[in-house]
Number of protein chains: 2
Amino acid sequence: MQTIHHHLSIDHMSQLLKLISDPTRLTMLKVMQSFECCVCEFVEMFDISQPAISQHLKKLKDGGIVQEKRNGHWIFYSLNPNYPHAEMLETVLDAVVEQSGRIEELTKNGLRVSCN
Amino acid sequence: MQTIHHHLSIDHMSQLLKLISDPTRLTMLKVMQSFECCVCEFVEMFDISQPAISQHLKKLKDGGIVQEKRNGHWIFYSLNPNYPHAEMLETVLDAVVEQSGRIEELTKNGLRVSCN
DNA sequence: GACTTATATAATAAAACGATTATATAATCA
DNA sequence: TGATTATATAATCGTTTTATTATATAAGTC
């Protein structure tokens with residue numbers, strides 16, 4: 001299967017880079033490279049309020065980078081496999097240090113949400 | 001020759017992405033992918049003041065992405081070939097639409113500075 | 001050595017961004 | 001159906017970013 005690369009305008013690329021450059025969002029994305037997460041897990045993971053988490057996730061969703069899926073009370077977020085620039089995103093995320101320790105921490109403290 | 005990849009912290013990557021995400025700086029970098037440019041050329045190229053241009057170039061230089069070289073009156077900027085994350089930068093720049101039209105425009109208007 | 005040209009720096013103002021608090025919505029449970 | 005839990009939205013505030021204007025520096029020219 002051949003990957004089709006299409007060029008981005010300066011403004012489009014600029015927007016995309018801004019979107020992933022925030023340290024909280026970048027961490028979220030790196031975590032989601034390995035794990036699907038629900039909002040409350042992100043809330044535990046960072047030292048910011050729940051609305052702040054929601055707003056970051058909204059930006060990522062509006063940018064098409066992540067997708068959401070509801071399961072009962074919980075809404076799970078994961079990388080959108082159909083994101084048009086997934087390859088570039090991957091290059092960036094691959095260059096970032098692993099963040100799976102954050103998930104291990106949650107598991108250790110019994111805060112991981114795994115509904116079936 | 002083998003490329004050595006080292007992982008960046010979230011904060012380091014975040015800083016780097018912020019640095020290249022500004023549309024003016026991103027355009028400068030794309031142009032410098034093909035051309036060495038002096039400050040006054042950038043001044044002609046954008047609709048912002050000369051000090052604004054200088055400040056953008058300073059940020060790029062402080063971030064280690066570009067290098068400067070004086071030639072008489074002029075100071076020429078180019079991509080720093082020793083930039084540690086040149087490969088990632090290249091991936092990003094390669095995904096951006098060509099900006100060489102901006103240089104052609106300068107040439108057409110006799111504004112290109114080429115001191116031997 | 002004074003003048004001009006190219007560039008940098010400093011101070012400041014406007015805009016963009018990310019946080020907070022308060023509140024709304026949506027799903028489940030008793 | 002009323003209470004609880006998870007998440008989203010709205011309003012607002014402080015910080016950061018990027019622009020502007022004014023001024024300084026540094027190199028070449030007459």
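In what follows, chains are A, B, ... by sequence order, proteins preceding strands, each numbered from 1. The structure presented is a predicted model; accordingly, all values stated were derived computationally and were not measured.
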- prompt: Atom NZ of B/K59 to atom P of D/dT18: distance rounded to whole Å?
  reply: 4 Å
query: So, A/R102 and A/E41, do they make that salt bridge, N to O below 4.0 Å?
result: no
field: Distance below 4.0 Å between A/R70 side-chain N/O and D/dT7 OP1 or OP2
entry: no
- request: Please report, rounded to the nearest Å, how far the C1' atom of C/dA14 is from the CD1 atom of B/I48.
  value: 15 Å
field: B/V39 side-chain proximity, nearest of D/dT20, D/dT7, C/dA8
entry: C/dA8
field: Integer-rounded Å distance: D/dG28 P and B/N71 CG
entry: 9 Å
message: Using heavy-atom distances to pick each residue's nearest nucleotide on DNA chain C, tell me which of A/S21 and A/G72 is more 5'.
response: A/S21
statement: Out of C/dT7, D/dT17, C/dG18, minimum distance to the side chain of A/D22 belongs to C/dG18
Exam field: side chain B/E68 to backbone B/V66, donor-acceptor pair closer than 3.5 Å: no
query: Of the nucleotides D/dA8, C/dT7, D/dA6, which has the atom closest to the A/H73 side chain?
result: D/dA6
Out of D/dA8, C/dT20, D/dA19, whichever nucleotide has its closest atom nearest the side chain of A/A52: C/dT20
- request: Could you state the atom-to-atom distance from NZ of B/K58 to P of C/dA10 in whole Å?
  value: 9 Å
- request: On the 0 to 90° scale, with breaks at 30° and 60°, tag the A/H12-A/H85 ring pair as parallel, tilted or perpendicular.
  value: perpendicular
query: When you measure from the side chain of A/K30 to the backbone N and O of A/V96, does any donor-acceptor pair fall under 3.5 Å?
result: yes
message: Counting only side-chain nitrogens and oxygens, does A/K18 get under 4.0 Å of the OP1 or OP2 atom of C/dA16?
response: no
query: So, for B/S14 and A/L26, which heavy atoms are closest and what is the spacing to 0.1 Å?
result: N-CD2, 3.9 Å
message: Can you identify which nucleotide, out of D/dT20, C/dT21, D/dT7, has its nearest atom closest to the B/S49 side chain?
response: D/dT20
task: Specify the residue among B/D47 and A/C38 whose closest nucleotide of DNA chain D lies further upstream toward the 5′ end.
output: A/C38
task: Calculate the interatomic distance between A/H56 atom NE2 and D/dT7 atom C1'; express it in whole Å.
output: 15 Å
- prompt: With no angle test and no hydrogens, is the base of D/dA8 tied to the side chain of A/Q50 by a donor-acceptor pair under 3.5 Å?
  reply: yes
- request: When you get a sec, tell me which of C/dT21, D/dT17, D/dT21 is the closest nucleotide to the side chain of B/P51?
  value: D/dT21
task: Assess the side chains of B/T91 and B/E87: does a donor N or O sit below 3.5 Å from an acceptor N or O?
output: no
Closest nucleotide among C/dA8, D/dT20, C/dG18 to the B/Q55 side chain: D/dT20
message: Does a side-chain N or O of B/Y77 approach OP1 or OP2 of C/dA8 to a distance below 4.0 Å, or not?
response: yes
task: Measure the distance from CD on A/E41 to P on D/dA6 and round it to the nearest whole Å.
output: 11 Å
query: Nearest-Å distance, CZ (B/F42) to P (C/dA6)?
result: 16 Å
query: Whole Å only: how far is the CD atom of A/E68 from the P atom of D/dA8?
result: 6 Å
